Structures are given as structure tokens and as C-alpha cells.
Asks: 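Before I ask anything, let me first share the structure, which is written out below as C-alpha cells.
Here the structure is a predicted model, which means the values were calculated and not measured. Chain A is the first sequence line, chain B the second, and so forth, proteins listed ahead of strands; every chain is numbered from 1.
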Amino acid sequence: MSAWPDLLGPAEAVAPRLLGAVISHGPVAVRITEVEAYAGSRDPGSHAARGPTPRAAVMFGPAGHLYCYVSYGMHTCANVVVGHDGEAAGVLLRAGEVVAGHDVARERRPGVAESQLARGPGLLCRALGISVDLRGTDLAEGPVRLELPATPVADVVSGPRVGLRLAAQRPWRFWIADDPTVSDYRRHPKASDGRP
DNA sequence: CTACCGATATTCT
DNA sequence: GAATATCGGTAGA
């Protein structure tokens, strides 16, 4: 019996369920408005596609833990591990709305509008102060915590995933319709699908 | 709209 | 040792 019964389905089914969730670290809390599903071994775009490498190992563990990694040398991105223990599945937290700790978040993102504080996966982690040493954190125990919404968000839209070279066409990006904190879509320059 | 760059952990050969 | 990347900011067509 998992502590996260709502996170045990396939990544693409669980992902929209994380919209409206609140993730917090210290004084800062963010309401998630945009996510992407990554389905491990059956998903060429997932870091877990080639087995449990040291980096991706936590994705093979139980749901409700934090998988984070360094992206392009300078950004940190955070996923919530979902699915049953032994499966590799995760949901990337792509963007959100700062709902607590605005002063701290703004210090980390000087000069940007309120809606831009956590607009994009790297920026979301910067606003929350999440770095890779928090990889493997139990989201029920902290220091990073996750709280699911009482009822799923109603106005959910889906589309292709952002910035992947492989399997980007799967419509596994989910966001809250018309929310100003959702990031802009960007295609990978060498995406192997959608364009020659 | 597309393309490049920065700066580096991680993976591949 | 080389190639790649779940990004973000900016510049150019």
C-alpha cells in the first residue's frame, strides 16, 4: 500500500492529476500549472529508457520521491516519481504559480513579472531553491513536500512535449488552460519527428 | 519563426 | 575523449 495511491497509474494518466498540486521547499511554495509525463522503458524520451543508470535510478523506485537532474550544465529540473516500485515513470514539473514565499522567489529571479517566477522547469527549480542534492527526497517527509489537490483540475489541455529529440510527438505535456504561468512551447532543433 | 550560446553532469564510444 | 542534453536568454532572418 503506497503512501501515494493517486500516483500509481501510467505516467501519462497520472500527470494531469499533478496539476494544481502544491510543491514546497522552505518558505517557497508553487502551485503546479504545467507537467510532462515520462514513461521509462517504453518511452525513448525518458532518462530511464536505457535502464537504471546512476542518474535515473530513483525513477525505478517507489512513487512520491523527487527525481532531479542538471540540465545543460546550469539548470536543475525536477520530476515526481510515479508508478509502482520497479517501474520507471516520472512526471516533470514544468511550470507553476508561486503561492508562498514570493519575497524569496523574487530574490532568486530579479526583475521578472510575477507570472514568470516559475515559468519553465529550470526556473521553477530556481524559484524553489531545488538542486540535484535533493534527488531522492521523499515528498511525504521533506524537505521538499508535495500536496495533491483535493479534486483534479478541470480545464486541462495536452500537447507535444517540449525540447525532446526523441518521441516528442507524444501528447504528454499537460497544462491548465489559459494559465499565464505556463511556459512557451519550444521544439527541439533536431527533433526526429514532426519535421524532416 | 529559427538558430546559437553558455557551462557542465552524465552517458556513450 | 566525444557527444549529448526534459533549458533559458538572446540575436538574427
Asks: Can you tell which of B:dC12, B:dT11, B:dA9 lies closest to the side chain of A:Arg50?
Replies: B:dC12
Asks: Looking for any heavy atom pair under 4.0 Å, which part of the strands does A:Pro121 touch: base, sugar-phosphate only, or nothing?
Replies: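 The answer is sugar-phosphate, as A:Pro121 gets under 4.0 Å only of primed atoms, P, OP1 or OP2.
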Asks: Which distance, rounded to the nearest 0.5 Å, do you find between the CG of A:Leu134 and the CG of A:Leu128?
Replies: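 Going from CG on A:Leu134 over to CG on A:Leu128, the span is 10.0 Å.
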Asks: For A:Phe60, what residues pass the ring pair (Phe, Tyr, Trp, His ring centres under 6.0 Å) criterion, not counting sequence neighbours?
Replies: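 Here no residue qualifies.
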Asks: Answer with base, sugar-phosphate or nothing: what part of the nucleic acid does A:Arg173 contact at a heavy-atom distance below 4.0 Å?
Replies: nothing
Asks: Assess the residue pair A:Leu164 and A:Tyr38 against the criterion (side chain to side chain contact (heavy atoms under 4.5 Å, CB included)); give the C-alpha distance rounded to whole Å, side-chain angles, the decisive distance to 0.1 Å, and a yes or no.
Replies: CA-CA 11 Å; A:Leu164 282 74; A:Tyr38 288 87; 3.1 Å; yes
Asks: For DNA chain C, write out the stems as range with range, using runs of 3 or more consecutive Watson-Crick or G-U pairs with both distances under 3.5 Å.
Replies: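 For DNA chain C the paired stretches long enough to count as stems (3 pairs minimum) are B:1-6 with C:7-12, B:8-12 with C:1-5.
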Asks: Could you tell me whether A:Arg94 and A:Glu36 have a side-chain N and a carboxylate O separated by less than 4.0 Å?
Replies: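 Yes, this pair counts.
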Asks: When the distance from NZ of A:Lys190 to C1' of B:dC5 is rounded to whole Å, what number comes out?
Replies: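 One finds 13 Å between C1' of B:dC5 and NZ of A:Lys190, rounded.
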Asks: If you measure from OG1 on A:Thr181 to CG on A:Leu123, what distance do you get to the nearest 0.5 Å?
Replies: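 Answer for the OG1-CG pair, A:Thr181 versus A:Leu123, is 12.0 Å.
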Asks: What pairs with A:Arg42 under salt bridge (charged side-chain N to carboxylate O under 4.0 Å, His left out), at least two apart in sequence or on another chain?
Replies: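 Only A:Glu12 meet the salt bridge (charged side-chain N to carboxylate O under 4.0 Å, His left out) criterion with A:Arg42.
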Asks: I need the full list of salt bridge (charged side-chain N to carboxylate O under 4.0 Å, His left out) pairs touching residues 16-25 of chain A, with sequence neighbours left out, sorted by first then second residue.
Replies: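 Residue pairs with at least one partner in residues 16-25 of chain A: A:Asp6-A:Arg17.
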Asks: Do any pairs count as a side chain to side chain donor-acceptor pair (under 3.5 Å) and have a residue in residues 57-83 of chain A, sequence neighbours left out, and if so which ones?
Replies: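 Every side chain to side chain donor-acceptor pair (under 3.5 Å) pair that includes a residue of residues 57-83 of chain A, provided the two are not neighbours, is A:His47-A:Tyr67.
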Asks: Is A:Gly90 touching bases, backbone alone, or none of the nucleic acid, heavy atoms closer than 4.0 Å?
Replies: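 Counting heavy atoms under 4.0 Å across all strands, no contact is made by A:Gly90.
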Asks: Counting any heavy atom closer than 4.0 Å, what does A:Gly73 reach on the DNA or RNA strands: base, sugar-phosphate only, or nothing?
Replies: base
Asks: Counting only side-chain heavy atoms from C-beta out, which of B:dA3, B:dA9, B:dA7 sits nearest to A:Arg186?
Replies: B:dA3
Asks: Would you compute the distance between atom CD of A:Glu34 and atom CG of A:Leu19 and round it to the nearest 0.5 angstrom?
Replies: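 CG of A:Leu19 is found 9.0 Å from CD of A:Glu34.
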Asks: Which sits closer to the 5' end of DNA chain B, A:Arg135 or A:Tyr72, going by the nucleotide each is nearest to?
Replies: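 This one resolves to A:Tyr72.
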Asks: How would you give the extent of chain A contacts on DNA chain C, as first and last nucleotide 5' to 3' within a 4.0 Å heavy-atom cut-off?
Replies: C:dA5 to C:dG9
Asks: Within this structure, what is the NE2-to-C1' distance between A:His75 and B:dT10, rounded to whole angstrom?
Replies: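 Distance check: A:His75 NE2 to B:dT10 C1' gives 17 Å.
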Asks: In whole angstroms, how far is the P atom of B:dT10 from the CE atom of A:Met59?
Replies: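 Going from A:Met59 (CE) to B:dT10 (P), I get 13 Å.
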Asks: Give A:Arg126 one of three labels, base, sugar-phosphate or nothing, depending on what nucleic acid heavy atoms sit under 4.0 Å from its own.
Replies: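 Touches nothing.
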